[in-house]
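The structure appears below as structure tokens.
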There are 2 protein chains.
Amino acid sequence: MKFTEAEENYIKSIYHLQITHEKVSATLLSAAVNTRAASVTDMLKKLQLKKLVNYKPYQSFTLTDKGVKTALEIIRKHRLWEFFLVSKLGFNWDEVHDIAEELEHISSKELITRLDNYLGNPSFDPHGDPIPDKNGRIKQLKQKNLIETPLKKMATVSSIRDQSNEMLELLKHYNISIGTRLRINKRFEFDGSVEIKMEKVPAAILSEQVAKNIFCTI
Amino acid sequence: MKFTEAEENYIKSIYHLQITHEKVSATLLSAAVNTRAASVTDMLKKLQLKKLVNYKPYQSFTLTDKGVKTALEIIRKHRLWEFFLVSKLGFNWDEVHDIAEELEHISSKELITRLDNYLGNPSFDPHGDPIPDKNGRIKQLKQKNLIETPLKKMATVSSIRDQSNEMLELLKHYNISIGTRLRINKRFEFDGSVEIKMEKVPAAILSEQVAKNIFCTI
DNA sequence: AATAATTTTTAGATTTGTCTAAATATTTAG
DNA sequence: CTAAATATTTAGACAAATCTAAAAATTATT
Ligand SMILES: [Mn+2]
Ligand SMILES: [Mn+2]
Ligand SMILES: [Mn+2]
Ligand SMILES: [Mn+2]
């Protein structure tokens, strides 16, 4: 089935929100898709007709199985294109999101199959997020954020939760990216900040807010 | 300036039509963009407001300089993506048009600059059509169709005018593609058909209608 | 439990792009 | 040069996606 670009953006946003939030409300979604709650209500009715969401007026809503399947297809496309932009065209990881936001709506299935193979069937995008395979299956890493990572152990940065421009800018300044190896030297009770040590550079301090958003494998 | 997908499709179609036809009319354009003449009239008014077409009611119309510039940017994107699909993803030349029809509307300038470099700044797309450079300049080959190509001289297929699925299917059957070397053995006065000879295969006859649409360099 | 605050939905518009049917203009032919 | 045929434009509708303002429902607070 084919959906409009707007429908796809709504579906994808609901998917992301229902992973991070217990309940997804019209206001929450309206912020994610950059519209007003009234527009969300209109769209929810359309998505319900197409059996993509479970929705009853005045209640929070969820994606149907069909909705989840659709969301994973869009996310697959988004992340494969991001991988392409970084690995083949040499973009930085903080430059690719908006372009992938458009490319994810290109409809050809065959294109994505071929792109996937061309890229070597990658499992993770440039931000460390898993790329669903053709069946919608996702590889989940056992990862901990820098608050939970044990002290004095080498760890490898594997993903970033908050991917706002501000966050990616900060990471660029500290020279932290996916694959960066580091060790937690110390955690400060006072403000939750952590001191990290990377190769060849002096130790650095990250605020709790930043540390929470950086995930590592050990 | 940014345009909608519909506007871009109209602009591109007008560009192609005014190369092949002395006058571009509403009916002609309506067939090209797959709508009705009434819709064309509506769109022409919008494009005129944006200074993309020279249009007076009941008269044929042309692109302004700005319109031509815009058309060339879209065509550049279309053909670069076609080149990518064939050279990197291994598509056949008869499979790429519809996908490029969507990809040509992705807005990022930087993306196209990088794609162009990644592909080695190609001058011709998989159908032999010239790819405008970043300034909209086009390399024009001195080429003749198989009706005009002199007899008994080796020639190289350089482009195909009619790129319908039917035409590309026929060419695939004869194993003719861009770069194919051939010689005109004979031209038949009776029906305008031509006999061509390619390496390693028996001579073949092409109808005048087909021969007109295959262009060669010598 | 009643009231206040918040959230969600409806009502009514707007924009973009399309359509059909009817009106109008242009072109072609007798 | 008129009449018929053809092309183009207008009028009026519609679907998609959005908005603001107002109404209705839910949730929180005294
Ligand atoms: Mn998107
Ligand atoms: Mn990503
Ligand atoms: Mn297009
Ligand atoms: Mn082409």
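A note on names: the letters A, B, ... follow the listed sequences, proteins ahead of strands, and every chain is numbered from 1. Just the heavy atoms: all of them, side chains too, but no hydrogens, waters or symmetry mates, feed the values below.
Not one side-chain nitrogen or oxygen of B/Tyr10 sits closer than 4.0 Å to the OP1 or OP2 atom of C/dT16. Note on B/Ser39: a side-chain N or O is less than 4.0 Å away from OP1 or OP2 of C/dC19. The phosphate of D/dT20 has OP1 or OP2 within less than 4.0 Å of a side-chain N or O from A/Arg36.
When the P atom of C/dT16 is taken as reference, atom NE2 of B/His105 falls 18 Å away, rounded to whole Å. D/dT18 atom C1' lies 15 Å from atom CG of A/Leu47, rounded to whole Å. The interatomic distance linking B/Leu28 (CG) with D/dT6 (P) rounds to 17 Å, in whole Å. What separates NZ of A/Lys45 from C1' of D/dA17 is a distance of 13 Å, to the nearest Å. One interatomic measurement links the two molecules: NZ of A/Lys23 to C1' of D/dT27, which rounds to 13 Å at whole-angstrom precision. Distance CG (B/Asp42) to C1' (C/dT16): 10 Å, rounded to an integer number of Å. Atom NZ of B/Lys56 and atom P of C/dA25 are 17 Å apart (whole Å). The interatomic distance linking B/Tyr58 (OH) with D/dA7 (P) rounds to 14 Å, in whole Å.
Nucleic acid contact for B/Tyr55: sugar-phosphate only, since backbone atoms but no base atoms lie under 4.0 Å from a heavy atom of the residue. At the heavy-atom level, B/Ala37 lies under 4.0 Å from base atoms of the strands shown. Residue contacts for A/Thr35: at a heavy-atom cut-off of 4.0 Å it reaches the sugar-phosphate backbone alone, with no base atom in range.
Distance from the side chain of A/Pro57 is smallest to C/dT9 among C/dT9, D/dT9, D/dA17. For A/Thr27, the listed nucleotide lying nearest its side chain is C/dT7; candidates were C/dT9, C/dT18, C/dT7.
Both B/Gln59 and A/Thr4 sit near DNA chain D, but only B/Gln59 has its closest nucleotide nearer the 5' end. Toward the 5′ end of DNA chain D lies the nearest nucleotide of A/Lys46, the other residue of the pair A/Ala38 and A/Lys46 mapping further downstream.
Put simply, the residue from A/Lys172, A/His127, A/Gln163, A/Glu169 that forms a side chain to side chain contact (heavy atoms under 4.5 Å, CB included) with A/Asp94 is A/Lys172.
Residues A/Asp129 and A/Ser159 bring no donor and acceptor atom of their side chains to less than 3.5 Å of each other.
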| task | Mind running side chain to side chain donor-acceptor pair (under 3.5 Å) on B/His78 and B/Glu82 for me, showing each step along the way? | result | CA-CA 6 Å; B/His78 183 102; B/Glu82 281 189 344; 2.9 Å; yes

| Could you go step by step and tell me if A/Glu101 and A/His97 meet the side chain to side chain donor-acceptor pair (under 3.5 Å) rule? | CA-CA 6 Å; A/Glu101 203 59 46; A/His97 184 79; 3.0 Å; yes

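Under the 6.0 Å distance and 45° angle rule, B/Lys88 counts as a cation-pi partner of B/Tyr118.
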